[in-house]
Amino acid sequence: MYKLVISDLDGTLVNSNKEVSDYTKKIVDLLKQNDVHFIIATGRNLKGAKHIYDILNLNGEIICNNGSTIYDNKGELIFQKIVDKNIARLVFETALKEECAFLGSYGTQLYIGEGTLDLVNTYLYNPAQDPIEININNISTFDFEKIVLMSKDNNKLEKLSSEFNSLKEVNAFISQENYLDVVHFETSKGKALKVLANSKNIDLEHTIAFGDAFNDYEMLKFAGKGLVMANGFEELKKEFEVLELTNDENGVAKYLAKVFSLDL
C-alpha cells in the first residue's frame, strides 16, 4: 500500500481556475486520517504554494520552485539550490535576444526584465506583486531559485530548453504552455521526492505521484507509480499510466478514493 502521495498543483490538483474542490479537500483529509503523507510539489514559490497548502490543511513539507526549495511545515527552508550567476546572466541575455518575457524568483520576491511588467502579466494568472526590475548591468547582484522564460512560441521554448540542457549547470523543461523553467541542475521534483521519502523511511515503491507536464517527469519516474492527467502533455502519456479524468474533473482525488477505498 502507498504511504506517500505527491502531487503537482497547476494542471493536476487544482482546476483551471486555480481552485481546489471540496471533494479533493475531503479526500486529502481522509488520507491524513489513514496516516498517508500528502505532499504538494509545484513550480510555484512558497507564497503561491502556501495558499493551496493552507486550504488543504496540510501538515507536511512543501516542494516549491520545481524542487529548488523545500520547506517544512512551519514554512522554514530546509533545502535550497540557487541558479549559477553566470547561467542566470546567460538566460537573461537569451530572453532579450529571443524576445521572451523573463521572470525570476527567490523566496517570495519576483524579478522581471526592466520595463516588461505589462508583458509579464499577460502570462501570469495573478499580476506580479512589487517585482524588482533587472537589467544586464545589475542581474549578477541577485540570486534566483528559479527562472522562467515565457513566450507564445512553444517551438522556440522547446529549442531553448534543449540548448540550456546542453549546459552542465542547468535543468530546463517546459512546465506548462508558454513557460520554460530553468533551475539548478541538481534539483527536480523527483530528487525532492527522494529526499522526503528517505527522511520518512518510506521506500519509493510505496509512493504515488501525479503530474501533467515535463517538470513532473522525474517525480513520475521515481515514484512507485506515476500517473499523468488526462489533460497532461501527450509526450508524458506515452511513458506513464494516464488517468481517465482531468484536473477539472477531480482526477487525482477520484483515483485516490478508489485506490485507498475511501468513502465520503
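Computed from a predicted structure; not experimentally measured.
Using a 3.5 Å distance cut-off with no hydrogens or angles, the side chains of Asn45 and Ser105 do not pair a donor with an acceptor. Counted by atom type alone, Glu244 and Tyr255 present zero donor-acceptor pairs between their side chains at under 3.5 Å. Side-chain atoms of Ser175 and Asp181 form a donor-acceptor pair, as typed in the model, at a separation below 3.5 Å. Using modelled atom types, one finds no donor on one side chain facing an acceptor on the other under 3.5 Å when comparing Ser68 with Glu145. In this model, a donor atom of one side chain and an acceptor atom of the other lie less than 3.5 Å apart for Asn66 and Asn215.
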Legend entry - Pair Glu239-Lys221, salt bridge (Lys or Arg N to Asp or Glu O under 4.0 Å): steps then yes or no: CA-CA 9 Å; Glu239 187 163 348; Lys221 192 75 172 179; 2.9 Å; yes
Inset, instruction - Dump the intermediate steps for salt bridge (Lys or Arg N to Asp or Glu O under 4.0 Å) on Glu163 and Lys159, then the final yes or no. - result: CA-CA 6 Å; Glu163 291 179 5; Lys159 177 180 72 73; 3.2 Å; yes
Legend entry - Residue pair Ser161, Glu158: steps toward the side-chain hydrogen bond (donor to acceptor under 3.5 Å, both in side chains) verdict: CA-CA 5 Å; Ser161 176; Glu158 290 178 3; over 6 Å; no
Inset, instruction - Show the numbers, then the answer: is there a salt bridge (Lys or Arg N to Asp or Glu O under 4.0 Å) between Glu241 and Lys225? - result: CA-CA 8 Å; Glu241 183 176 339; Lys225 179 180 283 293; 2.9 Å; yes
Legend entry - Evaluation steps, ring-ring contact (aromatic ring centres under 6.0 Å, His included), between Tyr217 and Phe173: CA-CA 9 Å; Tyr217 180 85; Phe173 33 70; over 10 Å; no
Inset, instruction - Show the numbers, then the answer: is there a side-chain contact (heavy atoms from CB on, under 4.5 Å) between Asn73 and Glu61? - result: CA-CA 5 Å; Asn73 59 2; Glu61 298 85 357; over 6 Å; no
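Follow the hydrophobic side-chain contacts under 4.5 Å out from Tyr125 and you never reach Tyr123; the two are in separate clusters. Cluster membership for Leu157 and Leu167, using ILVMFWY side-chain heavy atoms within less than 4.5 angstrom, is shared. With hydrophobic clusters built from ILVMFWY side chains whose heavy atoms lie under 4.5 angstrom apart, Tyr179 shares a cluster with Ile112. Grouping the Ile, Leu, Val, Met, Phe, Trp and Tyr side chains by contacts below 4.5 angstrom, directly or via other members, places Leu30 with Val20. Residues Leu243 and Tyr23 share a single hydrophobic cluster, defined by chaining ILVMFWY side chains whose heavy atoms lie under 4.5 Å apart.
Note on Lys237 versus Glu234: salt bridge recorded, some NZ/NE/NH1/NH2 to OD/OE distance being below 4.0 Å. Electrostatic pairing of Asp29 and Lys26 does not count as a salt bridge here, judged by no charged N lying under 4.0 Å from a carboxylate O. Checked for salt-bridge contact, Glu93 and Lys97 miss the test: no charged N lies under 4.0 Å from a carboxylate O. Comment: Lys3 does not engage Asp35 in a salt bridge, judged by the lack of any side-chain N to carboxylate O separation of less than 4.0 angstrom.
Here Ile62 contributes atom CD1 and Ile39 contributes atom CD1; the two are 9.0 Å apart, rounded to the nearest 0.5 Å. Distance check, rounded to the nearest 0.5 Å: CG of Asn198 to NZ of Lys200 gives 11.0 Å. In this structure, CD on Glu19 lies 9.0 Å from CD1 on Ile52, to the nearest 0.5 angstrom. To the nearest 0.5 Å, the span separating CG on Leu4 from OG1 on Thr207 amounts to 6.5 Å.
For the pairing with Met219, the side chain to side chain contact (heavy atoms under 4.5 Å, CB included) check across Lys191, Lys189, Lys194 returns one residue only, Lys189. No option in Ile82, Val83, Val183 other than Val183 meets the side chain to side chain contact (heavy atoms under 4.5 Å, CB included) test with Lys146. Checking each of Thr42, Asn247, Val252 against Thr12 for a side chain to side chain contact (heavy atoms under 4.5 Å, CB included) leaves exactly one that passes, namely Val252.
Phe92 has its ring centre less than 6.0 Å from the ring centre of Phe102. Side-chain rings of Phe79 and Tyr71 stay apart, their centers remaining 6.0 Å or farther from each other. Between Phe142 and Tyr111, a ring centre-to-centre spacing shorter than 6.0 Å is recorded.
Atom CG of Asp54 has more than 12 heavy atoms from other residues, nucleotides or ligands within 6.0 Å. Surrounding NZ of Lys32 are more than 12 heavy atoms belonging to other residues, nucleotides or ligands, all under 6.0 Å away. Other residues, nucleotides and ligands contribute only 12 or fewer heavy atoms inside 6.0 Å of the NE2 atom of His51. Within 6.0 Å of CG in Asn17 there are more than 12 heavy atoms belonging to other residues, nucleotides or ligands.
Among all heavy-atom pairs drawn from Ala49 and Leu9, the shortest one is CA-CD1, 4.4 Å.
Side chain of Gln109 to backbone of Asp130: a donor-acceptor contact under 3.5 angstrom is found.
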